[in-house]
Amino acid sequence: MIEVVKPGLSTTVQDGGRTGYYHLGIPPSGALDQYSLRAANLLVGNPAGAAALEAVYMGPELAFTADAVVAVAGASMVPKVNGEERPQWESFAVSAGDVLGFAYLTAGARAYIAVSGGIDVPEVLGSRSTYALGALGGYFGRPLAAGDRLPVGSAPGAVPGRSVPADLRPNLAKDVEVRVVMGLYDHRLSEAGRAAFLDTTWDLTPVADRIGFRYAGPELETVPREPPFGAGQDPSNIVDAPYPIGSIQVPGSVEPIILHRDAVSGGGYMMIATVLSGDLDVVAQSAPKTRTRFVEVDLDGALAARSDYRKRTRRLAEALGG
Amino acid sequence: MTVMSEVTPARYSWGGDEFIFVELAEEMSLQANFRAMAITKKLSDARPDGVLEICPANASYQVRFDPDVLEPAELLALLQDLEQQVGDAHELALPTRVLEIPVLYRDPWTTETLMRFRDRHQDPNATDIEYAARINGYASVDDFIGAHSGSPWFTSMVGFVAGLPFLFQMVPRERQIIVPKYLRPRTDTPKQTVGYGGCFACIYSVRGAGGYQMLGITPAPIYDPTQTLPDFTEFMVLFRPADIVKFAPIDRERYDELLAEVEAGRFHVKARPVEFHLQSFLDDPDGYNARLLEVLK
């Protein structure tokens, strides 16, 4: 059992995610940075997609009632056991009665705290992930609060001292490139609007959560038109359509929003591009003010990037004996 | 007989490495929606390996797939083939349900909420339903309610948030209600608000932000993630794409009675199985609707 002393800013239970219910408005949820979740879990001997804690900007304070092995991956936020620093990207032991806390965030945005045995909340629709907007999954469908008591699964064979090799740790930069496939409703943009989207260095606004990441920059010019029946008057309106995870919508032709893993599943704003599935990890580690360039690739480029991502996760698993 | 709008070729677009998006028509119509239902149903029945999510929407649909299992080109070819097979989909009969949703129009809770957001509204001096009635040319709010609850609605999409139905009015286009969304979205909407935006009615499944005009509220729960209420023992979401909805106006007394039934765990939404046939509907919308709603009696 883990007792939540302080919850941090917003800490939720997340795993690999939930598949098969998006057509009813229930999004995949799961760790926004899937690579770091995977690393943290493999470090403590869990399956890669086991349930762990996702802490945003500020870590929680957790009291352990039993011995465990813990690992913290993702954002740079130094873990401390009873006030003593522990390494990140490396498994370490905690004993019954220990309190795990964190130093301030220095890079990235989301840290993943895996515990040997995994966070053992009930599965809902095949996943332990929290979908807070729908009050579903995780710990009673919500972020953690002080006093919550998290059950932990059993974990034979977890060992402290395992470490992710330096070349398999992500680079948490303040300037990032996010690769996208243009499409969906990008024909609603003029040539100038499209060029502005790809040429601008966008700044992430404070509106950046599990649902979406909103970026500040220039207005994007659209092609004039007569609105089709059922679409709204604004040139950025469409007949409400499904939103791919990672799709970039541009309400009112300003401030593009990347929809992430708790996305609203559909709506009436034009989408102009979709972030590659692997690059959603990069978006997940973006804190407000992160300077972001959107780089266009075609489908073949997207599949090549996917293959590189797969190779990297395989190397990670091999390095950690997974 | 209603003249068909011509079926235009679908537009296919990749959504990154895991999604394909298919727009069947730029504008909304029951025909386009029915094609989306027909194609996604065929895809669900075939369910090739590597297909992860199938999301029918109003005049479009999307599929999430694993390109490591199913080649994108192969999926595209399959969807194009289904598009050809389905054609205008008019001859297809879709097994679905008719649901009766009781509505307290002009209820105190949405009225209180909308009064807090008058600064975001097209007509700050009217309520949402007064505004909707006026711009659609109805002489009174009662007439508007008569039109809103007088004919059935087709669940053309479920989503936005968990279990929220988008509902499309099953009447010829010249009689459809059209209401713009709020100028700026609200930050609050009561749970189970019956809303209206563009050509769509909706029922909000959870409390939260919203941009649709608020017309009333239903005592019927439509989403229960704890699955404790009787309508939710099998699944936590009431609505499925293609469900047909009949709104039934109720007064405050009836609302309170139904709410007490909900709280006692006795309430069931009245739901009856039907087969919906698009061509028969298009041939005689009013007659077909009347026959469709017979099952609720």
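Protein chains get the first letters and strands the later ones, always in sequence-line order, with residue 1 at the start of each. Below, each value reflects all heavy atoms present in this structure, side chains not excepted, and no hydrogens, waters or symmetry copies.
In this structure, the side chain of B:D17 engages the main chain of A:S277 through a donor-acceptor pair within 3.5 Å. Checking side-chain atoms of A:S265 against main-chain N and O of B:F160 turns up a donor-acceptor pair under 3.5 Å.
Neither the backbone nor the side chain of B:R207 comes within contact range of chain A; no heavy atoms are under 4.5 Å apart. Of the two parts of A:R310, only the side chain, counted from C-beta on, holds a non-hydrogen atom closer than 4.5 Å to a non-hydrogen atom of chain B. Within the 4.5 angstrom heavy-atom criterion, no atom of A:S247 approaches chain B. Both the backbone and the side chain of A:A241 come within contact range of chain B, judged by heavy atoms closer than 4.5 Å. For A:I211, no part sits under 4.5 Å from any heavy atom of chain B, backbone or side chain. Only the backbone of A:Y243 comes within less than 4.5 Å of a heavy atom in chain B; its side chain stays farther off. When heavy atoms are compared at a cutoff of 4.5 Å, A:L299 approaches chain B solely by way of its side chain, counted from C-beta outward. Using a 4.5 Å cut-off between heavy atoms, A:V297 makes no contact with chain B at all. Contacts of B:Q227 with chain A are absent, with no heavy-atom separation under 4.5 Å from either backbone or side chain. Of the two parts of B:V237, only the side chain, counted from C-beta on, holds a non-hydrogen atom closer than 4.5 Å to a non-hydrogen atom of chain A.
Contact check for B:E18 versus A:L276: no side-chain heavy atoms found under the 4.5 Å cut-off. Taking 4.5 Å as the limit, every side-chain heavy atom of A:H23 sits out of range of all side-chain heavy atoms of B:M157. You'll find the side chain of A:I238 stays beyond 4.5 Å of the side chain of B:S60, heavy atoms only. Using a 4.5 Å cut-off on side-chain heavy atoms (C-beta onward), B:M236 and A:L136 make contact. By the 4.5 Å heavy-atom criterion applied to side chains, B:R11 and A:H187 are counted as neighbours. You'll find the side chain of A:L24 stays beyond 4.5 Å of the side chain of B:Y223, heavy atoms only.
For the residue pair A:Y22 and B:Q62, no side-chain donor N or O sits within less than 3.5 Å of a side-chain acceptor on the partner.
In this pair, A:F229 and B:F168 present their aromatic rings perpendicular. The plane angle is above 60°, beyond the 30 to 60° band.
For the set B:I178, B:V206, B:V161, the entry with the most heavy-atom pairs within less than 4.5 Å of chain A is B:V161. Put simply, of B:P72, B:G159, B:A32, B:C55, the one with the most heavy-atom pairs under 4.5 Å next to chain A is B:C55. For chain A, the option among B:F166, B:F239, B:Y61 with the highest count of heavy-atom pairs below 4.5 Å is B:F166. Taking B:I54, B:I20, B:L164, B:T226 one by one and counting their heavy-atom pairs under 4.5 Å with chain A, the maximum is reached by B:I54. In terms of heavy-atom pairs under 4.5 Å with chain A, the best-connected choice from B:P180, B:G198, B:P67, B:G208 is B:P67.
Counting non-hydrogen atoms of other residues, nucleotides and ligands closer than 6.0 Å to CD of B:E234 gives a total of 12 or fewer. In this structure, B:E71 places its CD atom where only 12 or fewer heavy-atom neighbours from other residues, nucleotides or ligands lie under 6.0 Å away. No more than 12 heavy-atom neighbours from other residues, nucleotides or ligands sit within 6.0 angstrom of CZ on A:F140. By the 6.0 Å contact criterion, CG on B:D49 is open, its count of non-hydrogen atoms from other residues, nucleotides or ligands being 12 or less.
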Problem - Intermediate values then yes/no, side chain to side chain contact (heavy atoms under 4.5 Å, CB included), A:V239 and B:E23 - result: CA-CA 10 Å; A:V239 168; B:E23 184 186 64; over 6 Å; no

Handout entry: Residues A:I245, B:E53; criterion side chain to side chain contact (heavy atoms under 4.5 Å, CB included); working and verdict
Key = CA-CA 11 Å; A:I245 298 298; B:E53 307 266 6; over 6 Å; no

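When each of B:F21, B:F19, B:W14 is checked for a side-chain contact (heavy atoms from CB on, under 4.5 Å) with A:L184, only B:F21 meets the rule.
We find that B:K181 and A:D234 are not joined by a salt bridge, their nearest charged nitrogen and carboxylate oxygen being 4.0 Å or further apart.
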